[in-house]
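Shown below is the structure under consideration.
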Amino acid sequence: MENLDLRVQKTYKSLIETFEALLQEKEFEKISVTEICETAMIRRPTFYQHFLDKYDFLAFYIKHKMNIIFDHAFQNLNEEEDNFFILVFEQLLNQRDNVLDLIFSLQMNADIIIELESVQEYGQSMLRNRVNERENNPNIAVVNEYKGQIIMGITIQSVYWYKNNQDKISREEIIELYRQTLEKLG
C-alpha cells in the first residue's frame, strides 16, 4: 500500500479500520457498502472507484491481511526452513477471532468462494514463491509446492482447531505441537 498516492492510502486505511470495527459488531453478510462508507466517512462513489462491491473489498481486505502476515514472516525469518510456516502460524493466532471467523466462514459459503478465487490464487502465488525460491529443479519445485499446500492446509486447520479449543491447550503448546507436525513432514 506504500506505493499508492497518500489519499488512496488514507482511504484504504479508513475502510480497513471501519470494516474491522463493523466485524466486531456483526457478520459480514449484514454489513453494507453504505454502512462502511458512512462510518469511514468515504463517499460511495469513492468506494466504487476502487471496488466493484463489498465482495471485491473483502478480497482486497483478505489480501491486505495476508500481506501483513507474510511480510512479518519474511522479515523475521532466520535460517530454519520451517520457521517461515511457524511465523505465519503465530501471526494467524494473533488475528482477532472475528477476522478468523470471517475467513473460516467464507470457506463454507459457495457464493463467496467464487468471488474470492483471486485471494486463493494470490496466497498460492506467495507460497509458491517462498517454497520454490531456492529450487532450480522443476521436479523438486513441484514436490515443494505440494508440500507447501499441505503445510498451509495444516496451518489453517490448526488455527481453526486452536480457536475452538483454547480452553484445552495453551498457545505455547499448540505452537509446539504445530512445530512437531512440521518436523514429521520433513
* **Counterpart residues, ring-ring contact (aromatic ring centres under 6.0 Å, His included), relative to H72 (two or more places apart)** =>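 With neighbours one apart ignored, the set is empty.
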
All N/O donor-acceptor pairs, side-chain side in residues 44-51, below 3.5 Å, sequence neighbours left out:
{"from": "R44", "atom 1": "NH1", "to": "T34", "atom 2": "OG1", "distance (Å)": "2.6"}
{"from": "H50", "atom 1": "ND1", "to": "Y12", "atom 2": "OH", "distance (Å)": "3.1"}

* Qualifying residues under side chain to side chain contact (heavy atoms under 4.5 Å, CB included), relative to E27, sequence neighbours excluded ->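 Listed in chain order: nothing, the list is empty.
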
* To do: Can you measure from OH (Y160) to CG (L92) and round to the nearest 0.5 angstrom?
  =>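 Rounded to the nearest 0.5 Å, the OH-CG separation comes out at 15.0 Å.
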
* Asked: OG of S170 to OH of Y162: how many Å apart, nearest 0.5 Å?
  ->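 The distance works out to 6.5 Å.
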
* **Counterpart residues, side-chain hydrogen bond (donor to acceptor under 3.5 Å, both in side chains), relative to D167 (two or more places apart)** => none

* To do: For Q75, check side-chain hydrogen bond (donor to acceptor under 3.5 Å, both in side chains) against everything at least two apart and list the hits.
  => none

* **Q91 side chain near M66 side chain, heavy-atom distance below 4.5 Å** => no

* Residues in side-chain hydrogen bond (donor to acceptor under 3.5 Å, both in side chains) contact with T155, at least two apart in sequence or another chain -> Y178

* Might you work through the side chain to side chain donor-acceptor pair (under 3.5 Å) test for Q24 and E20, ending with a clear yes or no? => CA-CA 7 Å; Q24 296 276 356; E20 289 179 340; over 6 Å; no

* CD1 of I16 to OG1 of T11: how many Å apart, nearest 0.5 Å? ->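 Atom-to-atom, I16:CD1 and T11:OG1 are 10.5 Å apart.
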
* Structure fact -> Across all chains, not counting sequence neighbours, the side chain to side chain contact (heavy atoms under 4.5 Å, CB included) partners of A40 are S14, L15, T18, I42

* For N165, all residues meeting side chain to side chain contact (heavy atoms under 4.5 Å, CB included), sequence neighbours excluded -> W161, K168

* To do: I would like to know whether F28 and Y61 meet side chain to side chain contact (heavy atoms under 4.5 Å, CB included); could you show each step before the answer?
  => CA-CA 12 Å; F28 170 75; Y61 174 77; over 6 Å; no

* Partner residues of E17 under the salt bridge (Lys or Arg N to Asp or Glu O under 4.0 Å) criterion, sequence neighbours left out ->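 In terms of salt bridge (Lys or Arg N to Asp or Glu O under 4.0 Å), with neighbours along the sequence ignored, E17 is linked to K13.
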
* Please check if F19 and L52 belong to a single hydrophobic cluster, counting links between Ile, Leu, Val, Met, Phe, Trp and Tyr side chain heavy atoms closer than 4.5 Å. =>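 No, F19 does not connect to L52 through the hydrophobic network.
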
* To do: Could you check whether the rings of H64 and F60 sit parallel, tilted or perpendicular, using 30° and 60° as the cut-offs?
  => parallel

* To do: Calculate, to the nearest 0.5 Å, the distance between atoms CG and OG belonging to L22 and S32 respectively.
  => 8.5 Å

* Quick one: pull up CD in Q180 and NZ in K184 and give me the separation to the nearest 0.5 Å. =>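 Answer for the CD-NZ pair, Q180 versus K184, is 6.5 Å.
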
* Asked: Same cluster for I68 and V159 if Ile/Leu/Val/Met/Phe/Trp/Tyr side chains link at under 4.5 Å?
  ->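 Each belongs to a different hydrophobic cluster.
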
* With sequence neighbours excluded, tell me which residues meet salt bridge (Lys or Arg N to Asp or Glu O under 4.0 Å) with E35. => K26

* **Verdict with reasoning, D53 to F57, per side chain to side chain contact (heavy atoms under 4.5 Å, CB included)** => CA-CA 6 Å; D53 54 23; F57 174 74; over 6 Å; no

* To do: Could you tell me which residues satisfy side chain to side chain contact (heavy atoms under 4.5 Å, CB included) with I175, sequence neighbours excluded, listed by chain and number?
  =>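 For I175, the residues satisfying side chain to side chain contact (heavy atoms under 4.5 Å, CB included) (neighbours in sequence not counted) are I86, F89, E90, L93, R171, R179.
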
* In chain order, what residues pass the side-chain hydrogen bond (donor to acceptor under 3.5 Å, both in side chains) check against E38, with sequence neighbours excluded? ->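 With sequence neighbours excluded, E38 shows a side-chain hydrogen bond (donor to acceptor under 3.5 Å, both in side chains) to no residue whatsoever.
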
* Quick one: pull up CG in L6 and CD in Q9 and give me the separation to the nearest 0.5 Å. =>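 If I round to the nearest 0.5 Å, the distance is 5.5 Å.
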
